[in-house]
Structures are given as C-alpha cells and as structure tokens.
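Note sheet for the following structure.
As the structure is a computational prediction, the values presented were derived from the model and not from experiment.
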Amino acid sequence: MRTAPAMRAAPATRTALDEQRAPAARSPQELALTALRLAADCDDCVAIAEDSSTVHVRWAADSLTTNGAARSRRFTVVCVRGPSAGVASHSGALDDSSLEDLVARAKQAARGDCAEPAESLITGSAAEDWALPPAESDAGVLARFAAKAGAAIERAGSPRSSLSGYAEQQVSTTYLASSSGLLLRHEQPRGLLDLVATRAGASAWRGVGTACVADLDVGSLRAQLDQQLGWTSRRAELWPGKYEVLLAPAAVADLMLQLYQAAGAGEAAGGQGPFSRSGGGALLGQRLSPAALTLRSDPAEPGLECAPVLLTRASTDRTSVLDNGLPLRPTSWITDGVLTALVQTRRTARLTGQHPSAEIANLVLEGGGDAALAELIARTERALLVTSVWYLRDVDPQRLLVTGLTRDGGYLVEHGEVVARLPDFRFNESPVELLGRVSEVGRSEPTLPREWGEHVTRVAMPALRVRDFDVSAVSR
Amino acid sequence: MRRAVDPSFLALPLEPLAHAALTRAGELGARDASFRILRTRTGRLRLRDGVVEAASDSVDIGLGVRLVYDGTWGYAAAAELTTEAAAGAARQAVEVAIACRPLRRAPVTLAEEATCPRTSWVSPYDIDPFDVPETERAALLAGWSHRLLNSSAVEHVLALFTAVRENRFYADAAGAAVIQQRVRVHPMVTAFGRAVGGEPASLRTAGPPTGRGWEYLGGAGWDFDAELAELPEQLAAKSRARPVRPGSYDLVIDASNLWLTIHETVGHATELDRALGHEASYAGTTFVTPDGPGTLRFGAPLMNVTADRTTEHGLATIGVDDEGVAAQSWELVRDGVLIGLQTDRRTAALAGASRSTGCSFAESAEYPPLARMPNVCLRPAAGGPDVAGLISGVEDGIYLAGANSWSIDPRREHFQFTAQRCHRIRSGRLDGQLSGVAYQGETTGFWGGLAALGGPATYGLFGADLCGKGQPVQVAAASHGCPAAVFSGVRVERVGGERRS
C-alpha cells in the first residue's frame with residue numbers, strides 16, 4: 001500500500017462540497033424530462049427514474065445480526081439511434097453534470113450495428129399521477145415489526161425452539177418518460193418475512209409476502225412453525241427412487257418461477273429451451289398436463305397487484321427496453337393444461353406471428369381444487385411431503401431439468417398423517433415435465449417462494465400431488 | 001502495471017462527509033462508527049451471433065454509516081453525497097439500532113484492530129476497460145463470435161462481457177481513511193452446436209473472471225485464442241457424446257471445474273458466520289462447527305487449502321476490508337485437517353479470536369458489510385504431474401473440465417456438480433465424451449477421496465463474480481486457484497438428455 005496523495009487535497013474537496021450543498025435535489029420527474037431534452041439528437045429516448053426506500057432487519061438464533069435503512073435512487077436512460085438501443089444507468093444522487101454524462105454514455109452504447117430495425121417506442125401521454133412525489137415508507141414500520149418479533153422470540157413454547165428470520169419493507173416509485181409522449185408513474189409497496197424455527201435438529205420454514213410486515217402476526221407464524229416442528233419426532237430413512245410427493249405452495253412457487261423464467265418466446269423460436277419444438281418453432285398448443293392447470297399473470301390480481309405497464313431497465317432474452325410502457329394485459333401462459341402463451345417482446349411477437357405478451361411481475365397457478373395442503377395430506381396413502389425447496393440449478397436447459405434440494409421440512413405421509421421427518425434429499429426434475437405427472441391440485445393461495453423470495457413476492461400457488469418424483473440422492 | 005485511483009473519485013468530498021457522519025455518530029452516543037462511500041461502474045455487452053443485442057453502462061454510488069448504539073447494530077445509507085445526508089445517515093443508523101433493540105440479546109462486540117493507516121490501494125491492471133471505446137469492445141467480441149460461426153459445428157454464439165471498476169472509501173472513528181480501486185473483467189462465449197445426428201449441445205469458454213483489465217482479452221492471463229480454436233471441435237464431439245452409465249468412478253477433475261467445488265464445499269463451509277448460524281434463514285449454515293479447527297478432518301492428507309485477500313489478480317483481493325482490517329493470508333486446511341476459518345470483526349469476537357481475518361465486504365453502500373469469502377485456493381503438488389499424467393494413472397474413470405451446474409445443501413455437505421466437458425477414461429486414455437454426467441458427494445467424504453494432485457502446470461486461478469449471500473442478497477466475487485486432481489470412487493448420476501417432445 002502507499003499513501004494517497006489525494007488525502008491531502010482538502011481545499012478542493014471543500015469546494016466540491018459547497019457546490020453540492022447549494023441546489024435542492026432535483027425531482028425524478030425533472031431528471032427524466034431533462035434526460036429527454038439532452039437526448040433530443042437521438043431518434044428516441046426513454047428515461048426511467050426509480051426512487052426506493054427500504055428498511056430491513058435480520059436475526060439468527062434469536063439474536064440480531066444485521067439491519068439497515070436505505071434510500072436509493074436509480075436512473076436509467078435508453079437512447080435509440082438507428083437500429084440500436086444503448087442503456088446507461090446510475091444509482092445514487094444525480095447532479096446536472098452526472099446526468100449529462102449518463103445520457104452521453106447511453107448514446108455511446110447505442111452503436112447502430114444491429115441487424116434488425118429497432119421497434120418504435122410505445123406512444124402515450126401523461127398519466128394523472130405523473131406529478132406526484134415519490135412515496136415515502138413508514139418510518140415506524142421497523143420498530144413495530146421488531147417489537148412483535150422480539151415478543152415472539154420471548155414467547156417461545158416448550159420445548160424451546162430457536163427462531164431466525166428476515167423482514168424487509170420497501171416502497172418503490174417508478175417514473176417512465178419517453179420521447180414518444182409517455183409520462184407514467186407506478187408505486188409498488190413490498191414487504192416480506194421469512195422465518196426458520198429449529199429445535200433438536202429439526203427445522204421448519206415459513207415465508208410471507210405482504211404489503212406491510214408490521215401488520216403480520218409474527219407470534220401466530222411462530223406458533224405455526226412450532227406446530228410443524230411438533231408434527232413428529234420420528235425420523236425415517238429414504239432411498240433414491242421415484243415417489244409420490246405433495247409439494248406445498250411455496251415449493252410449487254419456486255418450480256413454477258423456474259418455468260416462467262424459461263418461457264421466453266425468442267429462445268423457443270431459436271430451438272432452445274423446454275418450449276422449443278423439435279424441428280423448429282415453439283410448443284404453443286401442446287398439452288403439458290392432464291390436470292386442468294392454468295398458469296397466469298394479471299397486473300390487477302387482487303392482493304398481488306403489480307405494474308400495469310412494462311418497466312424494464314435492461315434488454316434480456318425475454319424483455320426489451322424498447323417495450324417500456326407496453327400495457328400489460330391478463331395473460332394465461334398455460335390454460336387448462338395446454339401451453340397458450342410465451343413471454344414475448346414486440347420483436348419476437350412479430351417474428352413468430354404471435355401477440356405481444358410481455359413479462360408480468362406476478363404469477364398464479366390454479367387447477368380448480370379447493371383443498372388445503374392439510375386435506376391433501378389427509379387423503380394420502382403414502383407420499384413425501386416437501387414444504388420448501390432450495391438451490392435450484394439448471395442441469396439440462398433444453399428440458400429445463402433442474403436439480404435442487406428439500407430444506408427445512410421434508411416428511412413422510414402415511415395413511416393420511418405425517419408420520420416421520422425425512423432427511424433432506426436431492427431431486428433432478430423438470431418443472432415442465434412435472435406438470436404432466438400432477439394427479440391432484442389444491443387450493444391456490446398467496447405464498448412466498450424460498451429460492452426466489454427476495455425477487456418475486458407476488459405469487460399464488462396450490463399444493464400439488466405429483467407422481468414419480470425423482471429422488472436422486474439423500475442426505476445422511 | 002499499477003494505476004492511480006480515478007481522479008473523479010478523489011474529487012469527491014470523501015473526508016468532509018466522513019467527518020460529518022462520524023462526528024454526528026459520536027454526538028449521539030454511538031460507538032464503533034464507520035463510514036463508507038462506494039462507487040461501482042459496471043459495463044455489460046451481449047452479442048448474439050456477432051450482433052450487439054444489449055449494451056449497458058451503470059454507475060452505483062452512495063454512502064453508508066454503521067455504528068453500535070446501546071450495544072445494538074444500526075446501519076443507514078443515503079444516495080446524496082452531502083454533509084447533511086452523511087450526518088442524517090448517522091442519525092438514521094441510531095434510529096435503526098433503537099428500533100431493532102427488541103431483537104438484540106447480547107451486546108455487539110468487535111474484535112480489536114489496530115488503527116488502519118491512511119492509505120490507498122489500487123489493484124494491478126494495464127488497461128482500464130472503461131478507457132476502451134464501446135465500439136472496440138464490441139468489435140472484439142463480434143470477431144470472436146464470427147470466428148466460431150465460421151465452423152460448421154457451430155449454429156449460434158452468445159458472447160457476454162462484463163467490466164467492473166470499483167472505488168471504495170472507508171473511514172472510522174479511530175482515524176482510518178482508506179481509498180481503494182479494483183478492476184475486473186469477465187468475457188464469456190457460449191457456442192451452440194448444430195444437432196445433426198446428435199443431441200443439441202452447447203459449450204462455454206472456461207476463461208474466468210479476473211482482477212485484470214482489458215489486456216486480459218488480448219491474452220494476458222488466459223489464452224482465449226487457443227480456447228476459441230479448440231472449441232468447435234470439442235462442441236462437435238460433445239454433440240456425439242454417449243450417455244454416462246451411473247455408478248462409482250475415479251474422477252480427474254480439471255482446475256476449470258474443481259474451483260467451483262472448492263468454492264461451494266470449502267469456501268462457504270469455512271465461513272464462521274455460517275458456523276454460528278447467522279445464515280440459517282437464507283444462504284444456509286455449515287457442517288463445520290466453530291470449534292472445528294484443529295480437530296475436523298476435512299480431507300485426505302494431500303489437501304492443503306489457503307485463504308487470502310492478497311493473491312495477485314484475485315477477485316477478492318483488496319488492501320483493506322470494510323471494517324478497516326488489512327488484507328491477510330492464512331491457512332484453512334493443512335494436511336487434510338481444518339485449522340482455520342474466515343471471520344469479520346464481529347464473528348472473530350464471538351469466536352474469541354484475537355483478530356479478524358479481514359473478510360468484511362459489502363456490495364454497495366446501500367447494504368451493511370457481511371462476512372464474505374476471500375480467495376480460497378488448493379495447493380498443487382510440487383513436482384506433480386500434468387493433466388495427461390493424472391489421466392494416465394486412471395484405469396476406469398471420467399475427466400471433467402469446465403464448470404456448469406452446481407447445487408449444494410444448506411449445510412454444505414451434499415452436493416451435485418456437472419461440467420462443460422466430460423470424457424471417458426479407459427486404461428489411462430481419453431475415450432470420447434460422455435453426456436449427462438453429474439457427480440455427487442458428501443464434502444468430507446469427497447475430499448477424503450482425494451487421491452492425487454496435479455503439479456503447478458495444471459494450476460489455474462478461476463473464480464466466481466456473482467456469489468450471493470445475506471439478506472438483502474449481496475453479490476461478491478472470489479477467486480479459487482487449484483490444480484487438476486484425482487478423486488477416487490465418486491458417485492456419478494446421469495441427468496438430462498431425453499426430450500419430452
């Protein structure tokens with residue numbers, strides 16, 4: 001290491017500080033409109049400003065480990081020149097100079113060597129709420145939640161279990177402005193809580209997505225976990241093989257989100273992924289399940305509301321920055337067991353002759369069942385019960401074959417009752433092929449996926465009964 | 001080779017902001033206050049079949065204050081770089097600590113650390129990737145793509161490039177003030193084969209992310225030219241691969257695959273915060289217990305593993321960590337026995353250690369620092385054989401190269417890994433590629449089966465630049481150096497292959 005010359009440059013830094021004190025921070029709307037002006041020499045421009053405030057707390061073995069409060073600002077500019085779109089983004093406060101630099105970098109990233117012409121931007125006008133300021137989070141939510149969680153820890157039952165968990169509360173306000181006239185605002189509250197209770201080598205997990213974590217009854221959730229820990233003290237052995245399994249809604253959520261991530265139309269059209277047809281094209285119209293399963297997304301889904309227009313800061317296989325502002329309509333990806341839609345950009349929709357069906361930030365699986373998981377257990381002769389899954393990774397993207405493990409709660413069910421706790425086991429399964437082996441569908445309910453829980457909190461899933469589930473290895 | 005800190009970062013009011021935050025924290029009665037400003041610039045390029053599909057350039061900057069108030073942590077971050085925001089973050093961190101007090105059982109204590117000198121540190125690289133015009137970066141990747149597409153074995157090519165320049169400023173109430181800059185790059189090319197008379201296959205370059213600059217793509221530290229030349233033929237052979245027969249095999253694992261196994265089974269398993277249960281709700285715990293060092297047999301006597309934040313071009317290499325602890329190098333496993341763990345100042349204090357190993361790290365100012373993995377490396381055998389020599393000693397086995405899929409249980413015990421290429425070994429010679437190979441094991445049993453280590457010629461410094469841990473999830477990067485090695489009697493499953501339609 002060596003001494004930093006700049007550490008002695010105090011006069012210069014004082015000048016910079018004084019300059020930053022003077023002007024009030026510019027609003028997200030002002031920044032967005034300024035960016036459009038700075039990019040007036042481009043063919044098109046999109047500016048996205050996202051203002052978020054987040055509080056979080058985490059504890060383990062009944063004691064605090066980390067916490068935090070953060071106010072973040074992220075600003076993204078998409079510049080379109082000819083057939084190419086360049087994206088630049090900045091997280092943190094932006095002054096005029098930084099904004100000019102940001103737009104310049106977006107222009108530089110728009111190289112203009114793409115083979116396909118760029119899609120024209122979505123057109124529109126100013127929304128009524130455009131001028132409203134960013135939403136503020138409730139400053140007291142952390143204290144109210146911690147008080148409840150602390151009390152829940154104190155009220156441990158007997159025998160005593162240990163509680164670990166994480167709670168997060170966030171509100172994000174996104175502003176979208178485009179050179180095609182769009183001025184849109186979306187406000188998204190988000191809360192999540194996950195809890196793990198452990199006792200005598202056994203563990204149980206519960207995750208909840210919510211509008212406000214301070215409203216959750218942590219004591220009740222802990223009681224549910226303690227009840228699960230008390231299901232059985234017996235342990236059973238397990239061997240690799242094919243089994244009937246009951247997948248709890250949280251486990252189904254992780255698997256269906258894996259499927260949703262692989263449902264890009266462009267990939268399928270290119271012959272890649274589980275929804276590509278041998279010889280070319282996508283599997284649209286193909287029956288995936290004998291059960292009348294419907295997998296759908298709807299921005300207005302009660303309790304799972306999300307942005308009604310596409311808001312994306314980066315182009316991927318499944319989404320395009322040029323589609324920003326695209327109205328999102330209820331979309332059924334799988335209808336009564338048949339694949340009916342894939343995630344489309346306008347470009348892939350044009351190339352494949354389909355309607356645009358952009359990614360929506362919620363997911364619901366339904367199958368007409370009305371039974372809760374407990375009722376499925378009650379009518380089970382013999383099956384493995386999986387409450388949560390973990391560490392899902394692709395092993396064969398062409399089939400969407402994934403490997404993963406059970407975690408914090410695998411059980412043996414016999415004659416309608418949970419009779420033993422199972423060791424964690426590894427499975428190699430395809431969420432797509434698994435749908436073909438669904439023999440019973442429970443009642444769809446809001447849940448939090450374990451693996452995807454920090455990214456996707458708006459899902460509703462049923463418990464599923466699946467035959468011939470592939471147990472590949474068992475932890476001893 | 002070493003360059004200077006970016007002047008635009010030095011021009012920020014680093015010390016005045018630190019002074020405002022730390023003074024306010026002191027006035028409020030907080031102790032152990034520290035202040036950070038982090039700025040990270042990330043450039044990404046994605047080309048499909050040689051055409052730019054996405055290009056982005058992002059900057060993330062902010063400040064954060066961590067302190068202990070009434071024995072309780074508090075952390076707060078702000079986007080604005082003003083004295084008002086810095087002092088406000090200190091006040092908010094105290095409010096967070098007060099709010100979270102009901103969840104605190106024992107007061108937070110930190111391992112003692114001598115005051116860090118006022119220093120700066122810059123990682124070694126020749127060419128800042130952000131000094132290279134976007135057009136030039138894209139042109140190089142397009143050239144690589146077209147070179148592959150000229151082969152009849154290749155139908156599509158996906159080329160990705162990531163460049164990161166990270167600036168960090170750390171100051172604390174004890175008087176530390178440290179400015180640091182790190183650069184890393186990661187080019188990755190995947191070729192998709194024509195499935196004529198075989199299974200559709202893809203093959204990815206093994207060139208790892210590295211703490212180097214743009215010179216890396218020109219051959220400094222990795223021979224991309226040679227790798228691209230070999231790739232079409234290897235891809236064609238992969239599309240003709242025979243399905244593996246499940247069973248127990250001796251494996252020769254190339255460094256390009258073994259690094260990830262080390263990351264998951266040794267690196268994460270020896271994090272003390274996991275051993276203390278701090279990651280129970282998300283990333284998971286470990287089978288290693290806090291009292292494991294000195295007693296736990298981790299693997300065969302051949303196994304010697306070091307941890308450090310000092311390896312040249314290592315992804316976790318840095319001068320000082322996010323708690324003001326200078327970079328160190330230490331042993332994790334000696335002659336097969338666990339002798340060390342990874343700590344930050346809090347976990348070091350909980351374990352009764354005299355000092356942190358310097359593993360505190362935060363992805364950005366938005367997040368509080370966590371204990372994160374350093375570079376974790378397996379020592380090669382001095383004078384050991386090359387890969388061909390290792391293969392020649394195996395009668396009936398499989399040679400695996402290039403990392404692919406990985407999955408491990410929350411206690412870091414039971415795992416499954418796959419590879420980019422899997423070759424049958426018969427009588428000491430390679431005999432065609434195999435498909436569907438997934439090796440499974442239990443960590444100490446697997447390392448106990450370590451039968452031979454390759455020499456320095458087989459050694460490579462690989463690594464991960466997207467390792468997630470903590471809640472909120474934070475991403476960190478760490479390098480793993482290792483030789484090729486032979487493992488006896490490893491269980492191999494067959495995964496994938498058949499299509500449903």
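Side-chain atoms of B:Gln416 and A:Asn428 include a donor-acceptor pair closer than 3.5 Å. Side chains of A:Ser472 and B:Gln440: a donor-acceptor N/O pair is present below 3.5 angstrom, by distance only.
Looking at A:Ala314, there are no atoms closer than 4.5 Å to chain B (heavy atoms on both sides), in backbone or side chain. Only the side chain of B:Arg48 comes within less than 4.5 Å of a heavy atom in chain A; its backbone stays farther off. If you measure heavy-atom distances from B:Arg44 to chain A, you find no contacts under 4.5 Å at all. Using a 4.5 Å cut-off between heavy atoms, B:Ala280 contacts chain A through both its backbone and its side chain. Contacts of A:Val87 with chain B are made by both backbone and side-chain atoms, with heavy-atom separations under 4.5 Å. If you measure heavy-atom distances from B:Glu95 to chain A, you find no contacts under 4.5 Å at all. With a threshold of 4.5 angstrom between heavy atoms, B:Pro472 approaches chain A through its backbone and through its side chain. Residue contact with chain B, scored on non-hydrogen atoms closer than 4.5 Å, involves the backbone and the side chain of A:Val395 alike. Looking at B:Ala86, neither its backbone nor its side chain comes within 4.5 Å of chain A, counting heavy atoms on both sides. Heavy atoms closer than 4.5 Å to chain A are found nowhere in B:Leu63, neither backbone nor side chain.
Taking all atoms of both residues into account, the shortest heavy-atom contact from A:Arg407 to B:Gly284 is NH2-CA, 3.6 Å. Annotation for A:Gln108 and B:Pro133: closest pair NE2-CA, 4.3 Å, computed over non-hydrogen atoms. The two residues A:Ser63 and B:Ala106 make their nearest non-hydrogen contact at OG-N, 4.1 Å. Annotation for B:Ser58 and A:Arg105: closest pair N-NH1, 4.0 Å, computed over non-hydrogen atoms. When all heavy atoms of B:Arg491 and A:Ala473 are compared, the pair lying nearest together is NH2-CB, 3.1 Å. Heavy-atom minimum distance, A:Ala146 versus B:Pro102: O-CB, 3.6 Å.
Looking only at distances, a side-chain donor or acceptor of A:Asn67 sits under 3.5 Å from a matching main-chain atom of B:Trp73.
Under a cut-off of 6.0 angstrom, the local environment of CH2 in A:Trp390 is crowded, with over 12 non-hydrogen atoms contributed by other residues, nucleotides or ligands. Atom OH of A:Tyr166 has more than 12 neighbouring heavy atoms from other residues, nucleotides or ligands inside a 6.0 Å radius.
Side chains of A:Thr65 and B:Arg346 form a contact here, defined as non-hydrogen atoms less than 4.5 Å apart. Two residues are said to be in side-chain contact when any heavy atoms from C-beta on lie closer than 4.5 Å; B:Ser405 and A:Asp394 fail this criterion. The shortest distance between side-chain heavy atoms of B:Leu103 and A:Ile153 falls below 4.5 Å. A 4.5 Å side-chain heavy-atom check between B:Val96 and A:Val55 finds every atom pair outside the cut-off.
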Worksheet entry | side-chain contact (heavy atoms from CB on, under 4.5 Å) between B:Val59 and A:Ser91, worked out | CA-CA 6 Å; B:Val59 172; A:Ser91 294; over 6 Å; no
Worksheet item: Would A:Arg58 and B:Tyr282 count as a side-chain contact (heavy atoms from CB on, under 4.5 Å) if you check the C-alpha gap in whole Å, the side-chain angles of each, and the deciding distance to 0.1 Å?
Response: CA-CA 10 Å; A:Arg58 190 180 195 209; B:Tyr282 181 70; 3.8 Å; yes
Practice prompt. For B:Glu53 and A:Asp317, run side-chain contact (heavy atoms from CB on, under 4.5 Å): C-alpha distance rounded to whole Å, both residues' side-chain angles, the deciding distance at 0.1 Å, then the answer.
Written response: CA-CA 9 Å; B:Glu53 212 175 45; A:Asp317 283 340; 4.2 Å; yes
Worksheet entry | From CA spacing to verdict: side chain to side chain donor-acceptor pair (under 3.5 Å), B:Gln471, A:Asp194 | CA-CA 10 Å; B:Gln471 289 172 302; A:Asp194 77 48; 2.8 Å; yes
Item to complete: Could you check A:Ser475 against B:Glu413 for side-chain contact (heavy atoms from CB on, under 4.5 Å), going step by step and ending with a plain yes or no?
Response: CA-CA 8 Å; A:Ser475 300; B:Glu413 277 186 302; over 6 Å; no
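Heavy-atom pairs under 4.5 Å with chain B were tallied for A:Ala61, A:Ser162, A:Ser72; the largest tally goes to A:Ser72. Counting heavy-atom pairs closer than 4.5 Å to chain B, the top residue among A:Ala60, A:Gly404, A:Ala69 is A:Ala69. Between chain A and the options B:His414, B:Glu279, B:Arg104, the largest number of non-hydrogen pairs under 4.5 Å is found for B:His414. Looking only at heavy-atom pairs under 4.5 Å with chain A, the residue among B:Ile408, B:Val473, B:Asn404 that has the most is B:Ile408. Each of B:Gln92, B:Arg41, B:His278, B:Glu493 has some count of heavy-atom pairs under 4.5 Å with chain A, and the biggest count is that of B:His278. Contacts with chain A were tallied for B:Arg411, B:Arg66, B:Arg412, B:Glu442; B:Arg412 has the most, counting heavy-atom pairs under 4.5 Å. Per-residue counts of heavy-atom pairs under 4.5 Å with chain B were compared for A:Leu142, A:Asp408, A:Val196, A:Val474; the largest is that of A:Leu142. For chain A, the option among B:Pro7, B:Pro368, B:Ala97, B:Cys100 with the highest count of heavy-atom pairs below 4.5 Å is B:Cys100. When the candidates B:Pro410, B:Ala365, B:Gly43 are compared by the number of heavy-atom contacts under 4.5 Å with chain A, B:Pro410 comes out ahead.
One distance of note links CD of B:Glu134 with NZ of A:Lys107; it measures 15.5 Å at 0.5 Å rounding. To the nearest 0.5 angstrom, B:Asp57 atom CG is 7.5 Å from A:Ser89 atom OG. For the atom pair CG (B:Leu81) and OG (A:Ser98), the distance works out to 9.0 Å, reported to the nearest 0.5 Å. Atom OG1 of A:Thr316 is separated from atom CZ of B:Arg46 by 6.0 Å, given to the nearest 0.5 angstrom. Between the NE2 atom of A:His90 and the CZ atom of B:Arg39 there is a distance of 9.5 Å, given to the nearest 0.5 Å. Rounding to the nearest 0.5 angstrom, the gap separating the CH2 atom in A:Trp59 from the OG atom in B:Ser281 is 8.0 Å.
For the salt bridge (Lys or Arg N to Asp or Glu O under 4.0 Å) with B:Glu80, the qualifying choice from A:Arg71, A:Arg26, A:Arg73 is A:Arg73, the only one to do so.
Listed by chain and residue number, A:Tyr391, A:Arg393, A:Thr403, A:Leu405, A:Arg426 satisfy the side-chain contact (heavy atoms from CB on, under 4.5 Å) test with B:Ser407 (two or more places apart in sequence, or in another chain).
With salt bridges taken as basic N to acidic carboxylate O contacts below 4.0 Å, one links A:Glu154 and B:Arg105.
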